[in-house]
Asker: 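The structure under discussion is supplied below as structure tokens; questions concerning it will follow.
Atoms considered below: every heavy atom in the structure, side chains included; atoms not considered: hydrogens, waters and symmetry mates. Each ligand, and each atom within it, is numbered from 1 in the order the structure gives. Please read these numbers as outputs of a predicted model, since none were measured by experiment.
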Amino acid sequence: MGNVSIVVGAQWGDEGKGKWIDILARDVEIVARFQGGNNAGHTLYVDGQKVVLHQIPSGIFHEGKISALCSGVVVNPSQLLVEIKKVAAFVQLTPERLWLSARAHVISPWHIHLDSKTETEAAKPIGTTKRGIGPTYAEKANRTGIRLGDYINPIRRQAWYESLSHTTPKFAEHRKAHADQWQEFDQAAEALAPFVVDAEHMVRAQIKAGKRALLEGAQGALLDINHGTYPYVTSSETAAGGAFASLGFSPKSIDKIYGVAKAYVTRVGSGAFPTELKDKVGEHLATLGKEFGATTGRPRRCGWLDAVALRYSGAISGYDGLILNKMDILTGLDEIKVCVAYEHPVHGRIEEFPWDHEILSECKPIYKSFKGWTEELPQGGKISDMSANARAYVDGVEEILGYPVSMVGTGVNRQDALFR
Ligand code: GDP
Ligand code: IMO
Ligand code: MG
């Protein structure tokens, strides 16, 4: 068994990864983000104060732990500097503690412009965060992007400007028209330079020396570029496999893989959502769950827990256990439903999550019903400390999923966590 674990989102993002990575970081020396960029918003509470992290890994508030961004991440340099300043009230980030992969691709003002333009002009917008994520990964795949290691070198950065201006006249126009943005972009390079290292090599060396690492995912399995609800996905590998690829590491050396899911479902942006609720229960989940995006502030769509999607999510990432989060938001509901299969007008009963977004969008949920509870859930302790109906719900979910629920979340703070 290895000393590396992975925590990923099991649904469409915002499951509460930030809080759980903060909790689980207690037991490791390194927390490394493996994909995504500042499209993510990971919320944690430090000494009762809310902090939203977009790029810095969520273990940062534990003293002495190393935070790394691996090759699969895309970095917005000036926003990263803003974030480093933001956390300075709690923790001073020095190059000894924050390792930025020289291989990670850089989000530039051009990529952000392209993302906005594409979304505005599209007949069917994805509903992206407009943070330039898709265009940056596209450029990476096209081998015309710029990596952090090259970006911090003024000569290489200039060469990138020139080569892109050569192939893309509109890029040169953008540089002229938005000189302020490009100046900020250039200045950030100097400030970030001391943090840019061969992060993958350094993390692997630490692991080899016996240190424990936690690999942090952003977004969620159903937004995965390969396995998600394409085209309504993000542009990176959000499932656990993305972690091996980004760090450059043997899957055989992974110890534990956890998926974080809400005890219901939320989704931001467009795309199919079979269990979406537009009724009073949906309102209950949105209001009590404070379901507004941590990055864009957009209202999140809410619905019942979807076990078809979660079985699929478990299959593609191989969870050792599910972290069933925000269970406190279900308290007070008379009846709680879990979608166990879909009904499709042509294909009938569907038990496997369809690859085809059009089919998924035509699916109606088939529910199993559970009794609600009114007792407050315990804040800290064991899953077995919960009242009978809440326990029956967790046991029921576990049975429907076919893999264990290992932890339960009952509030926003570090201590609001129940274990088996
Ligand atoms: P992430 O992107 O997966 O890290 O999740 P977000 O931070 O975007 O969204 C999760 C939201 O739920 C945040 O506002 C958290 O403070 C909050 N949260 C996390 N865990 C719990 C929980 O167990 N109960 C409640 N009520 N809120 C939680
Ligand atoms: P965390 O890490 C929820 C969604 C967007 C959009 C789609 C593509 O906080 O869970 P993008 O900007 O990535 O090209 O947008 O993905 N999305 C998220 N939804 N949580 C996130 O991150 C998300 N990051 C992207 O809303 O539907
Ligand atoms: Mg989030």
Asker: For R300 and ligand 2, answer yes if some heavy atom of the residue is under 4.0 Å from a ligand atom, otherwise no.
Answerer: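 No.
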Asker: Between the side chains of Q219 and T238, does any donor sit under 3.5 Å from an acceptor?
Answerer: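 No.
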Asker: So which bit of W12 gets within less than 4.0 Å of ligand 2, heavy atoms only: side chain, backbone, both or neither?
Answerer: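 The answer is the backbone of W12.
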Asker: Relative to the Mg ion (ligand 3), which of the N, O or S atoms in D14 is the closest?
Answerer: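 Going through the N, O and S atoms of D14 one by one, OD1 ends up nearest to the Mg ion (ligand 3).
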Asker: So, taking the atom named OH in Y264 and the one named CG in L333, what distance separates them when rounded to the nearest 0.5 Å?
Answerer: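 Result: 10.5 Å between the selected atoms.
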Asker: Go through ligand 1 atom by atom and flag the ones less than 4.0 Å from a non-hydrogen atom of N325.
Answerer: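 Checking each atom against N325, I get 19 (C), 20 (N), 21 (C), 22 (C), 23 (O).
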Asker: Any atoms of ligand 1 less than 4.0 Å from a non-hydrogen atom of Y45? List them with their elements.
Answerer: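 Once the distances to Y45 are compared, the set is 16 (O).
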Asker: Classify the angle between the aromatic ring planes of Y151 and F185 as parallel (below 30°), tilted (30 to 60°) or perpendicular (above 60°).
Answerer: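 Y151 vs F185 ring planes: tilted.
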Asker: Output yes when the distance from some N or O of ligand 2 to some N or O of D14 is under 3.5 Å, and no in every other case.
Answerer: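 In this structure, D14 places an N or O atom under 3.5 Å from an N or O of ligand 2.
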Asker: I'd like to know if R103 and D198 make a salt bridge, using a cut-off of under 4.0 Å between side-chain N and carboxylate O.
Answerer: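 Yes, charged N to carboxylate O under 4.0 Å.
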Asker: Between D115 and T128, is any side-chain donor less than 3.5 angstrom from a side-chain acceptor?
Answerer: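 Side-chain D/A pair, D115 to T128: present.
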Asker: Polar-atom distance check: G411 versus ligand 1, any N or O pair below 3.5 Å?
Answerer: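 Min N/O separation from ligand 1 is below 3.5 Å for G411.
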Asker: Provide the number and element of each atom of ligand 2 under 4.0 Å from a heavy atom of A40.
Answerer: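 This gives 1 (P), 2 (O), 9 (O), 22 (O) as the contact atoms.
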Asker: Considering only non-hydrogen protein atoms, determine which one is nearest to atom 12 (O) of ligand 2 and report residue, atom name and distance to 0.1 Å.
Answerer: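 Protein heavy atom with the smallest distance to atom 12 (O) of ligand 2: T129 OG1, 2.6 Å.
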Asker: How are the rings of W182 and Y161 set relative to one another: parallel (under 30°), tilted (30 to 60°) or perpendicular (over 60°)?
Answerer: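 Geometry flag for Y161 against W182: perpendicular rings.
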Asker: Answer with side chain, backbone, both or neither: which part of R131 has a heavy atom less than 4.0 angstrom from an atom of ligand 2?
Answerer: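 For R131, there is no contact with ligand 2 at all, from either part.
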Asker: Would you say G41 has an N, O or S atom lying under 2.8 Å from the Mg ion (ligand 3)?
Answerer: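 Of the N, O and S atoms in G41, at least one lies under 2.8 Å from the Mg ion (ligand 3), which means yes.
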Asker: Any side-chain donor paired with an acceptor under 3.5 Å for Y45 and D416?
Answerer: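 No, because no side-chain N or O of Y45 sits under 3.5 Å from a partner of the opposite role on D416.
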Asker: Checking the N or O distance criterion of under 3.5 Å, is ligand 1 in contact with A294?
Answerer: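 It does not: no N or O of A294 is found under 3.5 Å from an N or O of ligand 1.
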Asker: Output the list of atoms in ligand 2 that are nearer than 4.0 Å to some heavy atom of K17, sorted by atom number.
Answerer: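 By the 4.0 Å cutoff, the relevant atoms are 1 (P), 2 (O), 10 (O).
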Asker: Would you mind checking which non-hydrogen protein atom is closest to atom 15 (O) of ligand 2, with the distance to 0.1 Å?
Answerer: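 Answer, as residue, atom name and distance: T128 CA, 3.3 Å.
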Asker: Can you label the angle between the H174 ring and the H113 ring as parallel, tilted or perpendicular, going by 30° and 60°?
Answerer: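 Ring orientation, 0 to 90° scale: tilted.
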Asker: Regarding D27 and R212, does a basic nitrogen lie under 4.0 Å from an acidic carboxylate oxygen?
Answerer: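 Salt bridge absent between D27 and R212.
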Asker: With only distance considered, is D14 within less than 3.5 Å of ligand 1 through an N or O on each side?
Answerer: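 Between D14 and ligand 1 (N or O atoms, distance only) the closest approach is under 3.5 Å.
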Asker: Looking only at distance, does N39 have an N or O less than 3.5 Å from an N or O of ligand 2?
Answerer: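 Yes, since at least one N or O of N39 sits under 3.5 Å from an N or O of ligand 2.
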Asker: Side chains of W160 and D150: do they bring a donor and an acceptor to under 3.5 Å?
Answerer: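 Side-chain D/A pair, W160 to D150: absent.
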Asker: Are any of the N/O atoms in D115 less than 3.5 Å from those in ligand 2?
Answerer: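 No, there is no polar N/O contact under 3.5 Å.
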Asker: Provide, to 0.1 Å, the distance between atom 23 (C) of ligand 2 and the closest protein heavy atom, together with that atom's residue and name.
Answerer: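 Minimum-distance protein heavy atom for atom 23 (C) of ligand 2 reads Q219 CG, 3.6 Å.
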Asker: Do T234 and ligand 2 have an N or O pair less than 3.5 Å apart?
Answerer: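 Yes; at least one N/O pair falls below 3.5 Å.
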Asker: Between E335 and S369, does any side-chain donor sit less than 3.5 Å from a side-chain acceptor?
Answerer: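 There is such a pair (donor and acceptor under 3.5 Å, judged by atom type) between the side chains of E335 and S369.
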Asker: Considering only non-hydrogen protein atoms, determine which one is nearest to atom 5 (C) of ligand 2 and report residue, atom name and distance to 0.1 Å.
Answerer: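 Among all protein heavy atoms, the one nearest atom 5 (C) of ligand 2 is G127 O, 3.5 Å.
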Asker: Check whether the side chains of S313 and Y319 place a donor and an acceptor atom closer than 3.5 Å, and report yes or no.
Answerer: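 Y319 and S313 do have a side-chain donor-acceptor pair below 3.5 Å.
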Asker: Please state which option from G41, G18, G289 has its nearest heavy atom closest to atom 6 (P) of ligand 1.
Answerer: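 Ranked by closest heavy atom to atom 6 (P) of ligand 1, first place is G41.
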Asker: Which atoms of ligand 2 sit under 4.0 Å from any heavy atom of R298?
Answerer: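 Near R298, the atoms of ligand 2 are 5 (C), 26 (O).
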Asker: Side chains of T296 and R298 only: does a donor on one sit below 3.5 Å from an acceptor on the other?
Answerer: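 Side chains of T296 and R298: pair found under 3.5 Å.
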Asker: Looking only at protein heavy atoms, which one is nearest to atom 27 (O) of ligand 2, and what is the separation?
Answerer: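 Nearest protein contact, heavy atoms only, for atom 27 (O) of ligand 2 is V268 O, 3.0 Å.
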Asker: Heavy-atom pairs closer than 4.0 Å: do any link ligand 1 to the side chain of T410, the backbone, both, or neither?
Answerer: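 Backbone only; the side chain of T410 stays clear of ligand 1.
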Asker: Under 3.5 Å, is there a donor-acceptor pair between the T331 and W373 side chains?
Answerer: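 Indeed, the side chains of T331 and W373 share at least one donor-acceptor pair under 3.5 Å.
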Asker: Give me the nearest non-hydrogen protein atom to atom 7 (C) of ligand 2 as residue plus atom name, then the distance to 0.1 Å.
Answerer: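 Residue, atom and distance for the closest contact: V233 O, 3.8 Å.
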Asker: Would K130 count as being in polar contact with ligand 2, using the rule that some N or O on each side must be under 3.5 angstrom apart?
Answerer: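 Among all N and O atoms of K130, none is under 3.5 Å from an N or O of ligand 2.
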Asker: When only distance counts, is G41 in polar contact with ligand 2, meaning an N/O pair under 3.5 Å?
Answerer: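 Yes, since at least one N or O of G41 sits under 3.5 Å from an N or O of ligand 2.
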Asker: Any idea which of Q219, Q11, K290, K17 brings a heavy atom closest to atom 1 (P) of ligand 1?
Answerer: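 Of the listed residues, K17 has the closest heavy atom.
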Asker: Using heavy-atom distances, let me know which of T118, L223, V52 sits nearest atom 16 (O) of ligand 2.
Answerer: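 Closest candidate by heavy-atom distance is L223.
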Asker: Does E399 have more than 12 heavy atoms from other residues, nucleotides or ligands lying within 6.0 Å of its CD?
Answerer: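 Not buried by this count: 12 neighbours or fewer within 6.0 Å.
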Asker: Say whether H42 and ligand 2 are in contact under the criterion: heavy-atom distance to a ligand atom below 4.0 Å.
Answerer: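 Yes; H42 lies near enough to ligand 2 that a heavy-atom distance drops under 4.0 Å.
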Asker: Check each heavy atom of K19 against ligand 1 and say whether those closer than 4.0 Å belong to the side chain, the backbone, both or neither.
Answerer: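 The part of K19 near ligand 1 is the side chain, not the backbone.
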Asker: Less than 6.0 angstrom separating the ring centers of Y258 and W20, yes or no?
Answerer: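 Ring centres of W20 and Y258 not closer than 6.0 Å.
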Asker: For H111 and E139, what are the C-alpha separation, side-chain angles and deciding distance, and is it a side chain to side chain donor-acceptor pair (under 3.5 Å)?
Answerer: CA-CA 9 Å; H111 300 114; E139 204 112 63; 2.7 Å; yes
